[in-house]
Amino acid sequence: MFDELEQVTSTGVERVRAAATLEELRSVEQELLGKKSPLAAFNQRLGALPTEERKEAGRRVNEARTVVQNAIAERRRSLAADERRQRLQAERLDLTEVIPAPGRGHLHLTTQTRDELEDVFIGMGYQVAEGPEAEDDWHNFEALNMPPAHPARSMWDTFYLDLGEPETVLLRTHTSPVQVRVMQSQAPPIYIVAPGRVYRYETPDPRHLAVFHQIEGLVVDKGISFADLAGTIETFTNAYFGPGTHSRLRPSYFPFTEPSAEFEVTCIFCHGDGCRVCSQTGWIELGGCGMVHPNVLKAGGIDPEEWTGFAFGFGIDRLAQIRHQVDDERDFLVNDIRFLSQF
Ligand code: FA5
């Protein structure tokens, strides 16, 4: 019996050492130590031995099992290390490697979208305006008809900067303060778009970023009406998404416009029939808009009795995400060449 046991042990250890993968090792382990293994059979045979022999035989069977178990543990360590090495090798990025690029690099998708939108609006007679990203409370909130402690301020989660009086300087939460800056610096008629980066104290998710881009539109002229706003949105969505796209306005609330609306476009994937992208509604929401509130015109130094205007604002990244069916907007920020090179 002991010769047989030694034979089983040594062939077992050989088989363990020959296992080429962790998967294979697992099945060898089952064969060598499982319920139907030769070692288990030895255990059953112990019962038939006379008492005086049983003790020594039991010790030898346990010893054989320990030898096989140790061999398995050692092989497992070595295979795991090999597999890890191979995985690291496969995932390794050689940052010194020069990959012959198919061409030169190109602008980020967000910048391409911003440029394209600017072109559409310039074609409609608008000028491009800019404002600071570190903004004061007055331009970001107060001049937009949100005095301190106005409840509507909670619509925008704000990063305040540690500058001047507490809560007086912030990272702008939207591009709307540029409206006020433009009104302060130029006399009507005004036809501008203001694209730029904005910041919100938000947890990023597939449709929200804490740092993203908006484009703001502002028109102030004589006799501007809600119909002009609707027509402008229809014209620009057609120019950007192509003919056959329609827009609609739905009542909403912004403190700086009255009346206010959200604007939507017919889903560019199902053309209004209803699909997964538009949650079967046939429409996709793009942004907010409305007639500039008289208080905002006054804050900008413009007489609301003489001039009227409309404004709109929407997410540039969100627009690109919709058009290119990007599942997760956070991909815009990770700088992964495999994502960026698709656009
Ligand atoms: C505003 O920011 C208003 N200033 C828009 C406006 C301008 C209304 C002028 C009226 C007149 P809102 O918070 O809803 O509104 O944001 C507008 C758009 O920005 C959204 O429709 C969406 O396209 C985009 N957006 C908002 N939050 C995020 C975010 N966290 N990440 C990415 N895009 C966002």
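In each ligand, atom 1 is the first atom listed, and ligand 1 is the first ligand listed. Keep in mind that this is a model prediction, so the values were computed, not measured.
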What residue and atom, counting heavy atoms only, is the protein's closest point to [atom], and at what distance?
atom	result
atom 16 (O) of ligand 1	Gln214 NE2, 3.3 Å
atom 30 (N) of ligand 1	Leu209 O, 2.9 Å
atom 32 (C) of ligand 1	Glu329 OE2, 3.2 Å
atom 5 (C) of ligand 1	Gly313 O, 3.9 Å
atom 22 (C) of ligand 1	Arg318 NH1, 3.7 Å
atom 15 (O) of ligand 1	Phe254 CE2, 3.5 Å

Worksheet item: Which is it for Arg17 and Glu14 under the salt bridge (charged side-chain N to carboxylate O under 4.0 Å, His left out) test, yes or no, and what are the steps along the way?
Response: CA-CA 5 Å; Arg17 290 187 180 143; Glu14 269 168 39; over 6 Å; no

Worksheet entry | Listed once per pair and sorted, the ring pair (Phe, Tyr, Trp, His ring centres under 6.0 Å) pairs that draw on residues 161-180, sequence neighbours left out |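 Counting only pairs at least two positions apart or across chains, the ring pair (Phe, Tyr, Trp, His ring centres under 6.0 Å) contacts touching residues 161-180 are Trp156-His174, His174-Phe256.
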
Which atoms from ligand 1 have a heavy atom of [X] less than 4.0 Å away?
X	result
Glu202	30 (N)
Leu286	21 (O), 23 (O)
Ala311	9 (C), 11 (C)
Gly287	21 (O)
Ser176	4 (N), 7 (C)
Gln179	9 (C)

Any donor-acceptor pair under 3.5 Å linking the side chain of [X] with the backbone of [Y]?
X	Y	answer
Gln214	Gly313	no
Glu258	His293	no
Thr257	Ser260	no
Arg200	Thr173	yes
Gln112	Ala320	no
Ser225	Ala227	yes
His108	Asn335	no

Proximity of [X] to ligand 1 by residue part, where a heavy atom lies under 4.0 Å:
X	value
Met155	neither
Cys289	backbone
His174	side chain

Worksheet entry | Glu24 atom CD, over 12 foreign heavy atoms within 6.0 Å |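 Yes, CD of Glu24 has more than 12 neighbouring heavy atoms, counting only those of other groups under 6.0 Å.
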
Proximity winner for [atom], if only heavy atoms of [options] are counted:
atom	options	result
atom 6 (C) of ligand 1	Gly288, Pro204, Pro177	Gly288
atom 2 (O) of ligand 1	Glu216, Arg172, Arg200, Arg330	Arg200
atom 28 (C) of ligand 1	Trp156, Phe212, Phe312, Phe310	Phe212

Could you list the donor-acceptor pairs under 3.5 angstrom formed between side-chain atoms of residues 295-306 and any protein atom two or more places apart in sequence or on another chain?
| residue | atom | partner | partner atom | Å |
| --- | --- | --- | --- | --- |
| Asn295 | ND2 | Asn145 | OD1 | 3.0 |
| Asp303 | OD1 | Glu305 | N | 2.8 |
| Glu306 | OE2 | Lys222 | NZ | 3.2 |

